[in-house]
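Okay, so here's the structure we're looking at.
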There are 2 protein chains.
Amino acid sequence: MSPRTEKQFENIREEKKNLIMNVALELFADEGFYGTTISKIAKKAGISKGLLYNYFESKDDLIRTIIFSGLDDLDEFIDPDRDGLLTGEELTFAIDKLFDLMKGDIHFWKLYFSLFMQTPVLRLVEGRLQEIVGKYISMLTAYFESRNCDDPEAEALIFGAMLDGIGMHFIANSVNFPIERVKKRLMELYAK
Amino acid sequence: MSPRTEKQFENIREEKKNLIMNVALELFADEGFYGTTISKIAKKAGISKGLLYNYFESKDDLIRTIIFSGLDDLDEFIDPDRDGLLTGEELTFAIDKLFDLMKGDIHFWKLYFSLFMQTPVLRLVEGRLQEIVGKYISMLTAYFESRNCDDPEAEALIFGAMLDGIGMHFIANSVNFPIERVKKRLMELYAK
DNA sequence: TTTTTTTGATTGAACGGTCAGTCAAATATA
DNA sequence: TATATTTGACTGACCGTTCAATCAAAAAAA
């Protein structure tokens with residue numbers, strides 16, 4: 001004899017969990033993992049500190065859940081049940097969509113890039129991250145193979161690194177970065 | 001008279017200061033600024049916690065000194081009293097030297113890349129960092145202008161971002177990264 | 001040579017503050 | 001009333017930082 005139906009509780013829990021995750025993502029991205037306290041997250045989300053521990057086991061569990069969720073979205077973007085092959089036009093489209101993805105979720109991407117160099121936090125998620133990075137490098141390698149490059153793997157690594165570098169600069173300073181001009185030049189270079 | 005000459009004391013201080021800075025750089029790069037405690041630094045350096053405060057005012061002062069020192073080296077590398085112009089051959093040479101620089105000081109570069117996304121730590125050094133990044137972008141813009149590119153600034157930003165991206169991947173996983181093949185391809189693309 | 005004095009480097013216990021995490025009690029609803 | 005959510009004071013560990021006391025080495029004195 002629950003006071004609320006199971007469905008009602010589930011909705012409450014889902015909503016609160018998302019609220020906490022969104023607020024925490026923003027703070028982790030802006031202030032870093034160690035610079036963000038549980039109290040700050042709770043305050044900004046308008047809940048108590050204790051409640052957070054009703055939804056997440058620990059601070060580690062919280063950031064791990066946030067990053068895994070974002071990586072799942074990224075995985076979906078990279079490999080949405082496709083044939084694995086990529087034409088020049090598809091690459092144009094993918095580049096366009098990737099930067100839209102970034103623009104729409106700047107906080108996650110800030111966190112994503114900070115991960116690369118932060119060993120202790122990286123350790124929490126490195127398996128899944130490597131899986132995804134590997135997937136996108138091999139997709140690019142296949143693309144450059146199909147275009148008869150001399151060294152498709154090097155080309156793929158350069159292209160992937162370039163996207164990361166541009167993304168990093170874009171996320172670090174999205175106001176001044178001339179993303180449209182850079183995108184145009186990128187497509188001339190690689191998708192024509 | 002003094003028990004030791006001024007020169008002797010200076011040498012002792014210089015040596016200890018360098019020891020602390022090297023140990024701290026390594027820890028900051030691996031574990032992050034907030035993940036590194038003063039106790040850890042002292043222990044690894046084989047000194048007491050208190051001694052560190054004889055050489056540095058605070059933890060902030062310590063990392064600021066370390067980063068400024070590295071940025072000065074980078075500045076020296078970018079602009080070693082040169083005419084400002086860059087030929088294709090000089091760019092080839094510069095790329096080569098840049099990756100040597102990275103290989104020789106992986107810890108500093110790890111810290112450098114992590115800076116981009118770490119707002120609170122970035123704030124301690126952002127003025128000097130922007131000065132140097134601006135310098136290298138305008139040098140590249142001049143290079144692409146001299147080669148009659150359609151959009152030299154976009155080209156410079158892409159190239160700069162690419163170097164950062166490649167550097168980031170190289171630093172994150174220097175063992176498996178095929179740096180020589182990537183360098184070769186980079187030179188074909190931009191310096192021929 | 002041996003002893004005393006002088007110096008700044010060096011130590012580590014101690015301090016105030018902050019953190020992640022806990023838990024007993026209050027609240028809200030069918 | 002029964003039950004799951006929610007609260008925030010509380011805890012103990014650990015943080016950066018301080019400082020009175022100690023140490024080691026060299027100059028000066030014996």
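From a predicted model like this one, the values you see are computed outputs, not experimental measurements. The figures that follow rest on heavy atoms only: side chains count, while hydrogens, waters and symmetry mates do not. A note on names: the letters A, B, ... follow the listed sequences, proteins ahead of strands, and every chain is numbered from 1.
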Anything under 3.5 Å between a donor and an acceptor, one on a side chain of residues 170-179 of chain B, the other on a protein residue two or more places apart or in another chain? List them.
unit_1: B/Asn173; atom_1: OD1; unit_2: B/Asn176; atom_2: ND2; d: 3.4

A/Lys43 has an atom NZ; how far is it from atom P of D/dT6, in whole Å?
-> 20 Å
Of the listed nucleotides C/dT10, C/dA9, D/dT7, the one nearest the side chain of B/Arg13 | C/dA9
Starting at CZ of B/Phe56 and ending at P of D/dT18, how long is that distance when rounded to a whole Å?
-> 15 Å
Sequence neighbours excluded and cut-off under 3.5 Å, please list the side-chain donor-acceptor pairs for residues 65-74 of chain B, or say none.
unit_1: B/Thr65; atom_1: OG1; unit_2: B/Asp61; atom_2: O; d: 2.7
unit_1: B/Asp72; atom_1: OD1; unit_2: B/Arg128; atom_2: NE; d: 3.4
unit_1: B/Asp72; atom_1: OD1; unit_2: B/Arg128; atom_2: NH2; d: 3.0

What bend angle does the helix from C/dT1-D/dA30 to C/dA30-D/dT1 show across its length, from five-pair end axes and to the nearest 10 degrees?
-> 10°
Just the atom pairs and distances: protein N or O near nucleotides 20-22 of chain D's N or O, under 3.5 Å.
none

Could I get the full list of ring pair (Phe, Tyr, Trp, His ring centres under 6.0 Å) partners for B/Tyr112, not counting sequence neighbours?
-> B/Trp109, B/Phe116
Tell me: CG of A/Asn54 to C1' of D/dG8, nearest whole Å?
-> 14 Å
Identify, with sequence neighbours excluded, every residue that meets ring pair (Phe, Tyr, Trp, His ring centres under 6.0 Å) alongside B/Phe108.
-> none
Scan residues 21-41 of chain B against DNA chain D and write down, sorted by residue number, each residue with any heavy atom closer than 4.0 Å; if none is found, say none.
-> B/Thr36, B/Thr37, B/Ile38
Do B/Lys59 and B/Phe33 meet the cation-pi criteria used here (NZ or CZ under 6.0 Å from the six-membered ring centre, within 45° of the axis)?
-> yes
Apply salt bridge (Lys or Arg N to Asp or Glu O under 4.0 Å) to B/Arg147 and list each qualifying residue two or more places apart in sequence or on a separate chain.
-> none
Note: A/Lys49 and A/Ile38 closest approach over all heavy atoms is CG-CG2, 3.6 Å
Would you check, one step at a time, whether the test salt bridge (Lys or Arg N to Asp or Glu O under 4.0 Å) holds for B/Arg123 with B/Glu126?
-> CA-CA 5 Å; B/Arg123 266 197 285 267; B/Glu126 59 191 343; over 6 Å; no
When you check every protein heavy atom under 4.0 Å of nucleotides 22-27 of chain C, what one-letter string (B, S, -) results, 5' to 3'?
-> B-----
In whole Å, what is the span from the CG atom of A/Leu52 to the P atom of D/dT5?
-> 15 Å
Spacing of B/Glu10 atom CD relative to C/dA9 atom C1', expressed in whole Å | 15 Å
Residues forming a side-chain hydrogen bond (donor to acceptor under 3.5 Å, both in side chains) with B/Gln130, sequence neighbours excluded = none
Heavy atoms only: give me the nearest A/Ile63-A/Leu124 pair and the separation to one decimal.
-> CG2-CD1, 3.8 Å
Integer-rounded Å distance: C/dT18 C1' and A/Lys59 NZ | 11 Å
What is the distance, rounded to the nearest whole Å, between atom CD1 of B/Ile63 and atom C1' of D/dG16?
-> 15 Å
When the distance from CD1 of B/Ile20 to P of D/dG16 is rounded to whole Å, what number comes out?
-> 15 Å
Can you list the residues that meet the ring pair (Phe, Tyr, Trp, His ring centres under 6.0 Å) rule with B/Phe113, with sequence neighbours excluded?
-> none
Who are the side-chain hydrogen bond (donor to acceptor under 3.5 Å, both in side chains) partners of B/Lys183, not counting sequence neighbours?
-> B/Asp96, B/Glu180
Which part of the nucleic acid, if any, lies within contact of B/Tyr55, taking any heavy atom under 4.0 Å across all strands shown: a base, the sugar-phosphate backbone alone, or nothing?
-> sugar-phosphate
Less than 6.0 Å separating the ring centroids of B/Phe144 and B/Tyr190?
-> yes
Between A/Ala24 and A/Leu62, the two heavy atoms sitting closest are CB-CD2, 3.9 Å
